[in-house]
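Note that the structure is predicted; figures quoted are calculated from it, not measured. Note: hydrogens, waters and symmetry copies are ignored here, and every other heavy atom, side chains too, is used. In listed order, ligands and their atoms are each counted from 1.
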Amino acid sequence: MSEEKYCKVAKKCSGCQLSNMDYPRQLKFKQNEIRLRFSRLCKSEKIIGCESPVHYRNKAQFMFKRLKGRIVCGIYQSADRTVVPTSACALHTEAQNKAGKVLCELFESFKLEPYDFHKGKGLIKSAIIRESMHTKELMIVLVCDSRRPFPCAAPFAQALSKKLPKLSSLIVTKHKGNTLTPGESPRVIFGKDRITDRLCGMEFIISYNSFFQINSLQTEKLYNTAVEFAELSSEDTVLDAYSGTGTIGMICAPHCKKVYSVELNKNAVKDAIKNAEHNGIGNIESVCADSEEYIKELAEAHIPLTCAVLDPPRAGCSRSFLSSLSALAPKRIVYISCNIDTQIRDVRYLLKQGYCLEKVQGVDMFPYTKHIECVVRLSLPLHSSM
Ligand code: SAH
């Protein structure tokens, strides 16, 4: 597919860094990168590609501006803080792109001005559109400047739901500053305060600011790979560190004795607890803490960890965390990462602590972008007792 055909604004928009390659070439490129980076440590498995590499995002974020007098939506460019107009992003779904267009029309008719970040004027800073890939329900969050009230909430909500029959949740938030965050003080002006999606046979609640992997189809493959690498049995006690809304721990829970799940963000932990209850899972303990501190508590309480699944942010794990983890000596460590640099740094440290690197598996979570996601498995040799 030519770049132009793939997306009309591909050259101007920084969202898809690999839009000049067709998908098979992108996979080769990512596979090579993984192979090269891990070459001295372990052979890597064939990367798991995406069956439909376009329109895969379950979340879109549009910014708005006036162009030749009309309100248009588009993609924010962090490098120069501009908006590239498009309502046909190839990574968004059709429903998300349609929602962007409909919002432009309604902002126009309800006289709701896009916020101008340079002048500090206007109301609408962005719209976050989340879509359940299972139920196709839509949640729209209108991120508004905190200094101005949102007028005409009821008629706006009514008009929007008429044009978007799948709308299940419309939320207005108050936002300060120039970041891309979803804002504070959520006010539901239509429907519910959440939508739900299904992954690996379980149902997850998604709130307006929950972390949820953005490619649902590939997330199932990623989680299944992680659970397969963990080789769980009913004897296992598992740590799910950097757990977000508890997804990985919940998928492990039916296959093991007990899961300890730790996450720093308190809203994510609230969601994790609700999610476990919602799915009737009783053998998971979700704690809001820094994983570095929490692992020390597990050690002090002599919790016999047999397996750990780590999914840290781009910065990777701290030395102190890895050192406490290796002292607890779980037999298997499954490490998921979207940053090969920090993943390799942490793997090297664990190798020094006596672990062996057994498997390296790329899963393409973000087609058309440069981002590479990798799952690895480390294990303690059988004779080792640390
Ligand atoms: N495993 C989850 C989320 C991974 S994102 C999923 O697949 O959905 C990484 C998570 O690590 C984020 O939710 C972030 O809030 C959390 N985090 C970052 N630093 C942390 C720390 N020091 N201790 C615990 N959690 C942390």
Side-chain angles (χ1 to χ4, degrees), residues 48 57-59 130 132-133 179 181-182 195-200 202-230 238-253 259-276 278-279 281 284-299 305 307-325 328 333-339 342-343 346 361 363-366 371-376:
I48 301 176
R57 288 187 63 103
N58 56 28
K59 178 175 135 183
R130 305 188 89 152
S132 164
M133 289 302 166
T179 57
T181 52
I195 55 171
T196 54
D197 207 348
R198 277 185 92 79
L199 284 180
C200 304
M202 287 199 202
E203 206 161 89
F204 295 96
I205 296 163
I206 304 171
S207 313
Y208 88 102
N209 60 354
S210 300
F211 176 87
F212 199 69
Q213 296 277 359
I214 52 115
N215 183 341
S216 303
L217 201 73
Q218 289 303 92
T219 300
E220 288 200 323
K221 294 183 193 161
L222 178 75
Y223 290 168
N224 285 337
T225 305
V227 174
E228 186 194 311
F229 280 12
V238 180
L239 170 69
D240 174 19
Y242 312 91
S243 58
T245 49
T247 38
I248 297 174
M250 282 174 55
I251 292 160
C252 290
V259 179
Y260 293 91
S261 148
V262 60
E263 161 61 45
L264 199 54
N265 179 314
K266 84 173 182 290
N267 290 323
V269 177
K270 276 189 199 159
D271 283 350
I273 294 169
K274 275 191 248 163
N275 280 332
H278 187 71
N279 289 281
I281 293 174
I284 183 162
E285 198 172 303
S286 299
V287 174
C288 180
D290 187 323
S291 54
E292 202 173 307
E293 300 304 318
Y294 185 65
I295 191 125
K296 287 182 194 147
E297 284 174 31
L298 291 182
L305 270 196
C307 179
V309 184
L310 320 176
D311 187 10
R314 294 187 62 78
C317 303
S318 70
R319 258 305 145 83
S320 151
F321 171 81
L322 292 175
S323 146
S324 309
L325 179 67
L328 268 169
I333 299 177
V334 178
Y335 188 141
I336 305 172
S337 173
C338 59
N339 183 343
T342 53
Q343 190 175 33
D346 294 349
Q361 172 77 69
V363 181
D364 191 22
M365 299 291 286
F366 315 104
H371 301 291
I372 298 178
E373 187 95 7
C374 221
V375 193
V376 306

Is the shortest side-chain heavy-atom distance between M365 and C338 below 4.5 Å? no
Under a 3.5 Å cutoff, is there a donor and acceptor pairing between the side chains of N267 and S207? no
In terms of the angle between their ring planes, are Y260 and Y294 parallel, tilted or perpendicular, with boundaries placed at 30° and 60°? tilted
Report every pair formed by an N or O atom of ligand 1 and a protein N or O atom separated by less than 3.5 Å, giving atom names and the distance to 0.1 Å.
from, atom 1, to, atom 2, distance (Å)
ligand 1, 1 (N), Y242, O, 3.1
ligand 1, 1 (N), D311, OD2, 2.9
ligand 1, 7 (O), Q213, NE2, 3.1
ligand 1, 7 (O), Y223, OH, 2.6
ligand 1, 7 (O), D311, OD2, 3.1
ligand 1, 8 (O), Y223, OH, 3.2
ligand 1, 8 (O), T247, OG1, 3.4
ligand 1, 13 (O), E263, OE1, 2.8
ligand 1, 13 (O), E263, OE2, 3.2
ligand 1, 15 (O), E263, OE2, 2.6
ligand 1, 22 (N), D290, OD1, 3.1
ligand 1, 23 (N), S291, N, 2.9
ligand 1, 23 (N), S291, OG, 3.3
ligand 1, 25 (N), L264, N, 3.2

Tell me every residue that passes ring-ring contact (aromatic ring centres under 6.0 Å, His included) with H371, counting only those two or more places apart in sequence or in another chain. F366
Shortest non-hydrogen contact from P312 to Y242? CA-CG, 3.5 Å
Single hit among L328, V309, L298 for side-chain contact (heavy atoms from CB on, under 4.5 Å) with L239: L298
